[in-house]
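Worksheet: the structure to be examined is printed underneath.
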Amino acid sequence: MSITLLSSPLQGFTDFRFRNAFHKHFGGIDTFYSPYIKLNGKLAVKGSYERDILPENNSTLEVIPQIITNDAEEFLFVAKYVQQFGYKELNWNLGCPYPMVAKCGMGSGLISNTSQIEHILKRVHNETDIIVSMKMRMGYENPTEILDVFPILEQYPIKNIAIHARIGKQLYKGGVDLDSFQKCLDTSKQKLYYNGDITSVAKFKELQERFPSIDHWMIGRGLIADPFLPSMIKNNTTEYPKNRLELFEAFHDEIYREYDAYLQGPTPIRMKMLGFWEYFSESFSNPQKTYKKIKKAGNSKNYEAAVKEIFKNG
């Protein structure tokens, strides 16, 4: 069975600059999902969201825009908005676990509100021709919440449901709940994708053995921590390229240049790269020591020197 690998969106990380550099230097991802578009009480899309999905900024990639909302009018507005750029599909985020989002009844905090989910889907399918796909957790409080949503989803031509095998309250703590994901497979009549803790080729193979019917796999944090992972999964190998550090450094330097030009100022670029190195450091022999070096670099000159040293010594 051929497999499709998807990049799960991570807010603040996987924008078009990251996606383009990743695709160029590593490959292995068939489809990228953009970080979600969120409207703040007004029917207007922020410039940064627009830049992220502009076709000219994604010319070599297959990208699917994503929305986070609990409001039908917002969904309809964003559906028509992305269609003007040629997008035929809009992914609905019912997965975001962060308390600030969930407490507003969005992301994983919306899963238990089945009547609102139904209301939104009814209007969207009656009033637009956008293809809807879903990104979900199994619930916010408990993993059975999603089971009550499936009968509603089955009334509509949902393209697929990508399920992160955790509940919202967990954030990213604790393990994935594979038994509850199996219940989703046993219950839903729709196309399900798997998401959650694909962090190595060995882990992927374990999951593939456990869920042989799944042919679409979504990688989130694992893709940033080890950018070689998707292509290694695709090539069925645990061997890294001989010039691994050279490739990684070229990728790093490209996103660093891109963000530095965009963010303007030493503090924003430092915070941005610090976020990436929380994940990147996992690819090095001593993650804690690696991250500490980056953290200690208080200015651009020191940062660049620290990065050079890290890539030189592996």
Side-chain angles (χ1 to χ4, degrees), residues 1-10 13-14 18-35 58 60-66 88-89 91-93 95 131-138 146 150 153 157-166 172 175-241 244 247-248 251 279 282-283:
M1 178 169 65
S2 69
I3 59 160
T4 300
L5 295 183
L6 313 140
S7 166
S8 176
L10 263 79
F13 290 96
T14 57
F18 175 89
R19 295 193 298 264
N20 283 311
F22 186 95
H23 186 65
K24 175 181 160 185
H25 292 280
F26 303 111
I29 290 293
D30 298 291
T31 302
F32 291 85
Y33 288 80
S34 75
N58 296 281
T60 61
L61 311 171
E62 182 176 324
V63 176
I64 295 168
Q66 187 181 79
K88 294 179 168 61
E89 179 180 341
N91 185 261
W92 189 11
N93 182 317
I131 295 163
V132 176
S133 57
M134 315 279 290
K135 168 96 166 63
M136 300 181 76
R137 292 234 171 175
M138 297 184 296
I146 196 171
F150 286 147
L153 301 185
I158 305 293
K159 185 187 164 194
N160 62 269
I161 309 160
I163 300 174
H164 184 127
R166 281 186 174 88
Y172 292 98
V176 281
D177 182 350
L178 301 183
D179 291 340
S180 291
F181 182 79
Q182 183 63 55
K183 268 187 201 150
C184 293
L185 275 177
D186 296 341
T187 307
S188 176
K189 293 175 185 149
Q190 282 170 309
K191 177 80 175 172
L192 301 188
Y193 296 178
Y194 176 87
N195 178 217
D197 284 12
I198 299 174
T199 51
S200 67
V201 175
K203 186 73 188 168
F204 172 75
K205 285 185 169 173
E206 266 178 49
L207 289 162
Q208 201 178 26
E209 218 169 280
R210 175 84 193 257
F211 305 117
S213 65
I214 297 285
D215 59 1
H216 284 65
W217 303 86
M218 195 176 255
I219 309 177
R221 296 167 301 148
L223 173 146
I224 305 174
D226 184 358
F228 294 93
L229 181 59
S231 59
M232 286 167 72
I233 288 171
K234 280 280 178 76
N235 294 316
N236 193 23
T237 181
T238 53
E239 294 289 317
Y240 285 92
R244 178 177 81 95
L247 289 169
F248 204 151
F251 164 71
Y279 294 106
E282 297 295 323
S283 279

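Since the model is a prediction, treat every value here as computed from it, not as a measurement. FYI, side chains are in, hydrogens and waters are out, and symmetry mates aren't considered; it's all heavy atoms of this structure.
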Phe251 six-ring face occupied by Arg244 cation (under 6.0 Å, within 45°):
no
Answer yes or no: is there a donor N or O on one side and an acceptor on the other, between the side chain of Asn195 and the main chain of Ala162, under 3.5 Å?
no
So CH2 of Trp92 and CD1 of Ile158: to nearest 0.5 Å the spacing works out to 8.0 Å
Could you state the interatomic distance from CZ (Arg166) to CZ (Arg137), rounded to the nearest 0.5 Å?
6.5 Å
Taking it one step at a time, do His216 and Lys191 satisfy side chain to side chain contact (heavy atoms under 4.5 Å, CB included)?
CA-CA 9 Å; His216 284 65; Lys191 177 80 175 172; 3.7 Å; yes
To the closest 0.5 Å, what do you measure between CG (Leu192) and CZ (Phe150)?
5.5 Å
With sequence neighbours left out, write down each residue that passes ring pair (Phe, Tyr, Trp, His ring centres under 6.0 Å) with Phe32, or none if nothing qualifies.
none
Between Gln66 and Pro9 the two heavy atoms that sit nearest each other are NE2-CG, 3.6 Å
Leu178 and Tyr194, any side-chain heavy atoms less than 4.5 Å apart:
yes
Is there side-chain contact between His23 and Asn58, with at least one heavy-atom pair below 4.5 Å?
no
Closest approach of Phe22 and Pro227, non-hydrogen atoms and distance?
CZ-O, 3.3 Å
Enter the distance from Asn20:CG to His25:NE2 here, rounded to the nearest 0.5 Å.
10.0 Å
For a 4.5 angstrom cut-off between non-hydrogen side-chain atoms, does Thr199 reach Asp226?
no
Minimum heavy-atom distance between Ser2 and Asp215, given as atom pair plus value:
O-CB, 3.7 Å
Validation row: Pro35, Phe13 side chains within 4.5 angstrom (heavy atoms)
no
Side-chain (Gln190) to main-chain (Leu153) donor-acceptor, under 3.5 angstrom:
yes
Please answer whether the main-chain N or O of Cys184 pairs with a side-chain N or O of Ser188 as donor and acceptor at a distance below 3.5 Å.
no
Side chains of Lys135 and Leu6, heavy atoms from C-beta outward: is any pair under 4.5 Å?
no
Looking at side-chain heavy atoms only, is the closest gap between Ile29 and Arg19 below 4.5 Å?
no
Can you tell me how far the CG atom of Leu5 sits from the CD1 atom of Ile219, to the nearest 0.5 Å?
5.0 Å
Report yes if the side chains of Ser133 and Tyr193 come closer than 4.5 Å at any heavy-atom pair, otherwise no.
no
One pair to check against side chain to side chain contact (heavy atoms under 4.5 Å, CB included): Ile3 and Ile233. What are the steps and the verdict?
CA-CA 9 Å; Ile3 59 160; Ile233 288 171; 3.7 Å; yes
Separation between CD1 of Ile163 and CZ of Phe181, rounded to the nearest 0.5 Å:
5.5 Å
Nearest heavy atoms of Glu62 and Asp30, plus distance in Å:
CB-O, 3.7 Å
Using the side chain to side chain contact (heavy atoms under 4.5 Å, CB included) rule, take Glu89 and Thr31 through it: C-alpha gap first, then chi angles, then the decisive distance, then the call.
CA-CA 12 Å; Glu89 179 180 341; Thr31 302; over 6 Å; no
Would you mind writing out the side-chain donor-acceptor pairs for residues 201-208 within the sub-3.5 Å range, not counting sequence neighbours?
from, atom 1, to, atom 2, distance (Å)
Lys205, NZ, Asn236, OD1, 2.9

Between Lys183 and Asp177, does a salt bridge (Lys or Arg N to Asp or Glu O under 4.0 Å) hold up when you go through it step by step?
CA-CA 10 Å; Lys183 268 187 201 150; Asp177 182 350; over 6 Å; no
Any side-chain heavy-atom pair of Pro230 and Phe26 under 4.5 Å
no
Using the side chain to side chain contact (heavy atoms under 4.5 Å, CB included) rule, take Asn93 and Tyr33 through it: C-alpha gap first, then chi angles, then the decisive distance, then the call.
CA-CA 11 Å; Asn93 182 317; Tyr33 288 80; over 6 Å; no
